[in-house]
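Scroll down for the structure; my scribbles are underneath it.
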Amino acid sequence: QKEVEQNSGPLSVPEGAIASLNCTYSDRVSQSFFWYRQYSGKSPELIMSIYSNGDKEDGRFTAQLNKASQYVSLLIRDSQPSDSATYLCAASGQNFVFGPGTRLSVLP
Amino acid sequence: DAGVTQSPTHLIKTRGQHVTLRCSPISGHKSVSWYQQVLGQGPQFIFQYYEKEERGRGNFPDRFSARQFPNYSSELNVNALLLGDSALYLCASSYDLYNEQFFGPGTRLTVL
């Protein structure tokens, strides 16, 4: 059974701090990894995709992938209250598998 | 550019009824996936279609079925509704099977 696990939340960080979100996956077939942001009552919104080992940066977001450790992370620098949402990690092998999500609260 | 669209946005049904949910993918996208999301959980995979063929099925009962049309739009059918089918049903489209998926706004189904 393919599984994606995420660090349990909720995670609270002060405004301007770095938020660190972690994800592990069990299926070594998984090749592509994605981070989605979901605001309450809304659908998931893609914020980052990463396909190879290492770091990928996009604005305030940095995704990190380590396939040997089956680990994916998302760093949010200079966190803003508008970043408060649930962050979903997804792994794509044969199908997309989502983790349960980590709720992030950025406190003003 | 139009994103993924879904209809209806909200739906209320009673136990035992049947429901059909519809999805139109982003123009140029050939794959549509369906997910069920209950409060506090991540989306659970139901089906993926690519080029009108089923390419993946999640752990859902046979009451759930889907199809994809020649224009790549899709519908999800659920028969004999149960209270536990109450959820947000999400459709996502992607260019092919393994690329990024983009979600529609979802259909909120309530079964009474």
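Hydrogens, waters and symmetry mates play no part in the numbers below; they use all other heavy atoms, side chains included. A note on names: the letters A, B, ... follow the listed sequences, proteins ahead of strands, and every chain is numbered from 1.
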For the residue pair A/Phe96 and B/Gln101, establish whether any side-chain heavy-atom pair is separated by less than 4.5 Å.
yes

Indicate, with yes or no, if the rings of B/Phe103 and A/Tyr36 have centres closer together than 6.0 Å.
yes

Taking atom NZ of A/Lys42 as the centre, report whether more than 12 heavy atoms of other residues, nucleotides or ligands fall under 6.0 Å from it.
no

Nearest heavy-atom contact between A/Leu88 and B/Pro43 is CD1-CD, 3.9 Å

To the nearest 0.5 angstrom, please state how far the CZ atom of A/Phe34 sits from the CG atom of B/Asn99.
7.0 Å

Taking everything shown except B/Arg63 itself, do over 12 heavy atoms lie less than 6.0 Å from its CZ?
yes

For B/Tyr35 and A/Phe98: C-alpha separation, side-chain torsions, deciding distance, then whether ring-ring contact (aromatic ring centres under 6.0 Å, His included) applies.
CA-CA 10 Å; B/Tyr35 296 87; A/Phe98 281 84; 5.4 Å; yes

A/Ser43 side chain to B/Gly106 main-chain N or O, any donor-acceptor pair under 3.5 Å?
no

Got a second to check how far B/Glu100's CD is from A/Ser32's OG, nearest 0.5 Å?
9.0 Å

Taking atom OH of B/Tyr95 as the centre, report whether more than 12 heavy atoms of other residues, nucleotides or ligands fall under 6.0 Å from it.
no

Is it the case that more than 12 heavy atoms not belonging to B/Leu82 sit under 6.0 Å from its CG atom?
yes

B/Gln37 portion near chain A, given a 4.5 angstrom heavy-atom threshold
side chain

Should the heavy atoms of other residues, nucleotides or ligands under 6.0 Å from CG of B/Asp62 be counted, would the total exceed 12?
no

Taking all atoms of both residues into account, what is the closest heavy-atom pair of B/Arg55 and A/Asn95, and its distance?
O-ND2, 4.1 Å

Find the distance between CG (B/Leu90) and CD (A/Gln38) and round it off to the nearest 0.5 Å.
7.0 Å

Answer with side chain, backbone, both or neither: which region of B/Phe45 has an atom nearer than 4.5 Å to a non-hydrogen atom of chain A?
side chain

Greatest number of heavy atom pairs closer than 4.5 Å to chain B - which of A/Ala90, A/Pro44, A/Cys89, A/Ser49
A/Pro44

